[in-house]
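Shown next, in structure tokens, is the structure this report addresses.
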Amino acid sequence: MPRDRIPVAIEGRDLELSNLDKVMYPAAGFTKGEVIDYYTRISEFMLPHLADRAVTRIRYPNGVDEAHFFEKNKPGGTPPWVRLETLPVPGSTKSRETIDFVVVDELATLVWLANLAAIELHTPQWRIGTDPDLLVVDLDPGAPASLKECCAVAVLMRDRLAASGIAAYPKTSGKKGMQLCCPISGTQPAEVVSSFARSVAEELAAMVPGSITAKMAKQLRPGKVFIDWSQNNAAKTTVTPYSLRAGSSPTASAPLTWDEVVAMATGEMPAAQFGSSQVLERAARLGDLMADLLQPGPEVPE
């Protein structure tokens, strides 16, 4: 066996790790071994949010500064113990109508993907075989707006959703903005959920037109927060809570408390993305702030 390949056993699964010293984040000197270490240590909190969901991976074989690719289908050499689900390709116009999605329901699969340089993991709003059990709102700032402005809009969105009986749980995106994730019933089709999210986004944009837009057009976004209601389209995925993001430093999508969101919105604390070590420390101290997403919520108004 080559010296750079290390056999490991994880909960009864055998796999090989390779090139652990390869630098994935050049500006930070963060290696593939550290990526694997992060995902191993955060797995207790992350795996429940991956379970039973078809995962899309964004792979960076030579680090975040080099070419990357999205991967939905199982990669070559997938171990026989990895759970696969053959599912339709949402919105596909190609001749291939189904693909074999990977489902990450155990630590060994998470480590295997990390070893493949799958730095980012994205999941849909639905569990396999069900309608959406999450409503997701993405808040995307158009410069010079920033995460601080997103936090202010998040509070407005929280209160508006609460008026419809829907609880929202905030997290940073790990890049520029943030998302609100809301547990819903899992009994309504994506079209109904998306329509409700759009109506709320347009309502808030009409209320604060100088700060918020619900329109996709990028030329309308500078200085505003775009409420991306389209995340609830059946073909869309959202970065999974705790996933690393590919940027200059290893940030991760970090669950927040509402007190933190308010403090960031008012300037009482810096509005900033969290690095991997901070996310690990927060999870150890605060537990999974998004644990309530794992229980069904109410139906959205039709």
Side-chain angles (χ1 to χ4, degrees), residues 2-6 8 10 15-47 49-50 55-72 75 102 104 107-123 138-141 143 146-148 150 171-179 237-256 260 264 270-286 288-290:
R3 291 178 60 189
D4 66 349
R5 301 187 72 83
I6 302 169
V8 295
I10 300 174
L15 62 156
E16 290 181 354
L17 306 182
S18 61
N19 301 314
L20 298 182
D21 293 333
K22 178 182 277 190
V23 176
M24 292 285 106
Y25 293 80
F30 199 81
T31 66
K32 189 164 84 165
E34 289 174 295
V35 169
I36 293 170
D37 177 67
Y38 169 78
Y39 276 124
T40 301
R41 293 167 64 192
I42 204 65
S43 62
E44 171 190 353
F45 305 97
M46 188 177 188
L47 282 172
H49 297 286
L50 290 164
V55 68
T56 296
R57 293 86 62 196
I58 309 182
R59 289 175 58 182
Y60 293 79
N62 295 302
V64 298
D65 292 347
E66 303 296 330
H68 65 277
F69 60 95
F70 286 76
E71 185 176 65
K72 292 181 181 287
V102 170
V104 184
L107 175 58
T109 305
L110 185 58
V111 171
W112 168 69
L113 288 178
N115 186 62
L116 293 178
I119 285 179
E120 295 193 14
L121 303 180
H122 295 242
T123 36
D138 188 66
L139 302 179
D140 185 18
S146 65
L147 180 59
K148 179 180 179 181
C150 288
K171 68 182 181 72
T172 67
S173 69
K175 286 203 166 177
K176 293 187 302 178
M178 64 187 295
Q179 288 106 24
T237 60
T238 304
V239 64
T240 309
Y242 306 105
S243 172
L244 291 172
R245 302 306 302 271
S248 59
S249 63
T251 53
S253 182
L256 301 168
E260 289 174 323
M264 288 184 184
Q273 303 289 336
F274 292 99
S276 57
S277 59
Q278 292 172 294
V279 173
L280 287 167
E281 183 277 325
R282 288 169 59 81
R285 175 167 50 89
L286 301 171
D288 181 11
L289 294 174
M290 305 201 103

With a 3.5 Å distance limit and no angle check, can you tell me whether [X] reaches the backbone of [Y] through a side-chain donor-acceptor pair?
X    : Y    : answer
T240 : L50  : no
R59  : R57  : no
T109 : V104 : no
Q278 : G275 : yes
N115 : S18  : yes

Interatomic distance, CZ@F70 vs CD@E120, rounded to 0.5 Å, equals 7.5 Å
For residues 23-37, the salt bridge (charged side-chain N to carboxylate O under 4.0 Å, His left out) pairs (sequence neighbours left out) are D37-R41
Paired with L121, the side chain to side chain contact (heavy atoms under 4.5 Å, CB included) test is passed by just one of L110, L244, V239, I58, namely L110
- Side-chain contact, heavy-atom cut-off 4.5 Å: V111 with L15? yes
Is there a side-chain contact between Q273 and S173 in this structure, where contact means two heavy atoms from C-beta onward sitting under 4.5 Å apart? yes
Heavy-atom closest pair (P26 atom, D65 atom, distance to 0.1 Å) is CG-OD2, 3.4 Å
Across all chains, not counting sequence neighbours, the side-chain hydrogen bond (donor to acceptor under 3.5 Å, both in side chains) partners of S276 are none
Using distance only, find each side-chain donor-acceptor pair of residues 279-286 under 3.5 Å and give its atom names and separation, not counting sequence neighbours.
{"residue": "E281", "atom": "OE1", "partner": "R285", "partner atom": "NH2", "Å": "3.3"}
{"residue": "E281", "atom": "OE2", "partner": "R285", "partner atom": "NE", "Å": "2.7"}
{"residue": "R282", "atom": "NH1", "partner": "E260", "partner atom": "OE2", "Å": "2.7"}
{"residue": "R282", "atom": "NH2", "partner": "P255", "partner atom": "O", "Å": "2.9"}
{"residue": "R282", "atom": "NH2", "partner": "E260", "partner atom": "OE1", "Å": "2.8"}
{"residue": "R282", "atom": "NH2", "partner": "E260", "partner atom": "OE2", "Å": "3.4"}

